[in-house]
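Notes follow once the structure below has been shown.
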Amino acid sequence: MIGSAAKLSFVDFILNTGVATVFVIIVGLICMYFIYGRKLFVTDESIAKVMQLDENKAIKDRKLMHESVIVIILVALCFIFQLGVQSCTVAIAAACIMLLIGGQEPEEIIADVEWPTILFFIGLFIVVGGMKKVGVITMLANGLISITHGNMVVTMMVILWVSAIVSSFLDNIPFVATLIPMILTMQSEGMDVAPIWWALSLGACLGGNGTLIGASANVVLSGISKNNGHPITFGQYFKIGFPMMILSIIVCSVFLLIRFA
């Protein structure tokens, strides 16, 4: 969404958020070592059980697997080089190809689509479009500019930290969808918003690590952990996840200040 709105390429993200992410990972690994390093051990019995697993048994259709890998590689290349085609077009085209070569029943696939989520975003975009039409987005943009006095560095830090905190408790996609028109309005007012796009991207993405409900990946993995006899409560996750999220945003703050200030 940010890439499409700001016309940023795959390489732009690699050179900005990609670099910041490398530093976040390094700091995160160091912290995890001190938190869990002494607790990480594997018994010989567990190693033997893993070695007895046969990964080939998980492949139900080898031909379809090879076709899927080829499609995924082509999608990744189209995302990287763009070729004048929007990412959404590439993704939908790939999905249609897989539907044709996979042999699945279209009715079953369509029935499994999360329609409530799609309808939610349709409604969200309508609301955001209405807010932009009546001037609410412009008012918010002007208000932020007046609070920060148009200072790019201050605005960048505000967007980074606010997006991170909000995204810890709310889904980051609707939050980003709301802020994109505001940033575009700030751009139309003559403000340099290039650093703000990266602040929003880093804050919204990394902020989801703060709580168990901050990102869908957290919910999915907690469910898998629970099914395997290791339930993770909101409080247990919060004690580790939120401080780690704050630390990652501190790292990003330093990166953005060095990169743009």
Side-chain angles (χ1 to χ4, degrees), residues 1-18 20-21 79-80 82 84-92 114 117-210 214-217 245 248-249 252-253 255-256 259-260:
M1 290 168 62
I2 293 174
S4 298
K7 295 180 174 56
L8 298 170
S9 68
F10 186 91
V11 176
D12 291 329
F13 276 87
I14 289 292
L15 296 177
N16 290 277
T17 54
T21 303
F79 282 167
I80 294 172
Q82 293 189 320
V85 181
Q86 290 188 347
S87 300
C88 58
T89 304
V90 173
I92 292 176
E114 294 188 25
T117 302
I118 292 177
L119 292 173
F120 167 78
F121 286 118
I122 290 174
L124 173 69
F125 294 141
I126 292 173
V127 172
V128 172
M131 293 172 63
K132 183 178 180 181
K133 188 72 174 178
V134 300
V136 174
I137 297 296
T138 302
M139 181 183 67
L140 292 174
N142 292 334
L144 181 59
I145 292 174
S146 64
I147 291 173
T148 60
H149 301 290
N151 187 292
M152 183 272 292
V153 175
V154 177
T155 305
M156 179 177 67
M157 289 294 102
V158 169
I159 293 293
L160 174 66
W161 283 91
V162 169
S163 61
I165 299 299
V166 172
S167 296
S168 291
F169 299 94
L170 300 176
D171 192 275
N172 55 6
I173 295 178
F175 178 78
V176 170
T178 304
L179 256 65
I180 283 176
M182 188 179 78
I183 296 175
L184 290 175
T185 302
M186 294 165 63
Q187 184 179 25
S188 66
E189 296 291 332
M191 187 174 182
D192 179 18
V193 297
I196 298 176
W197 289 121
W198 303 123
L200 176 61
S201 178
L202 289 168
C205 290
L206 295 176
N209 298 329
S216 57
M245 184 276 291
S248 69
I249 299 302
C252 291
S253 298
F255 169 80
L256 289 174
R259 176 77 172 79
F260 296 106

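The model shown is predicted, which means the values in this text are computed figures rather than measured ones. All residue numbers in this chain count up from 1 along the given sequence.
Every residue meeting the side chain to side chain contact (heavy atoms under 4.5 Å, CB included) condition with Val166, not counting sequence neighbours, appears here in chain and number order: Val162, Leu170, Phe175. Under the side chain to side chain contact (heavy atoms under 4.5 Å, CB included) criterion, Leu8 pairs with Ile2, Ala6, Asp12, Phe13, Trp197, Trp198, not counting sequence neighbours.
The OG atom of Ser167 sits 10.5 Å away from the CG atom of Asn209 when rounded to the nearest 0.5 Å.
The shortest heavy-atom contact between Asp192 and Ile196 is O-CD1, 4.3 Å. Nearest heavy-atom pair, Met245 versus Leu206, reported as atom, atom and distance to 0.1 Å: CG-O, 3.3 Å. Ser168 approaches Gly210 most closely through the heavy-atom pair OG-CA, 3.8 Å. Across all non-hydrogen atoms, the minimal contact from Ala5 to Leu184 is O-CD2, 4.0 Å. Ala204 approaches Ser163 most closely through the heavy-atom pair N-OG, 3.6 Å. Listed here is the closest heavy atom pair of Leu202 and Ile249: O-CD1, 4.3 Å.
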Exercise. What's the verdict on side chain to side chain contact (heavy atoms under 4.5 Å, CB included) for Met191 and Ile183, showing C-alpha distance, side-chain angles and the deciding distance?
Worked result: CA-CA 9 Å; Met191 187 174 182; Ile183 296 175; over 6 Å; no

Side chains of residues 152-161: which donor-acceptor pairs under 3.5 Å do they make with residues two or more places apart or in other chains?
from   : atom 1 : to     : atom 2 : distance (Å)
Thr155 : OG1    : Thr148 : OG1    : 2.8
Thr155 : OG1    : Asn151 : O      : 2.8
Trp161 : NE1    : Ser253 : OG     : 3.1

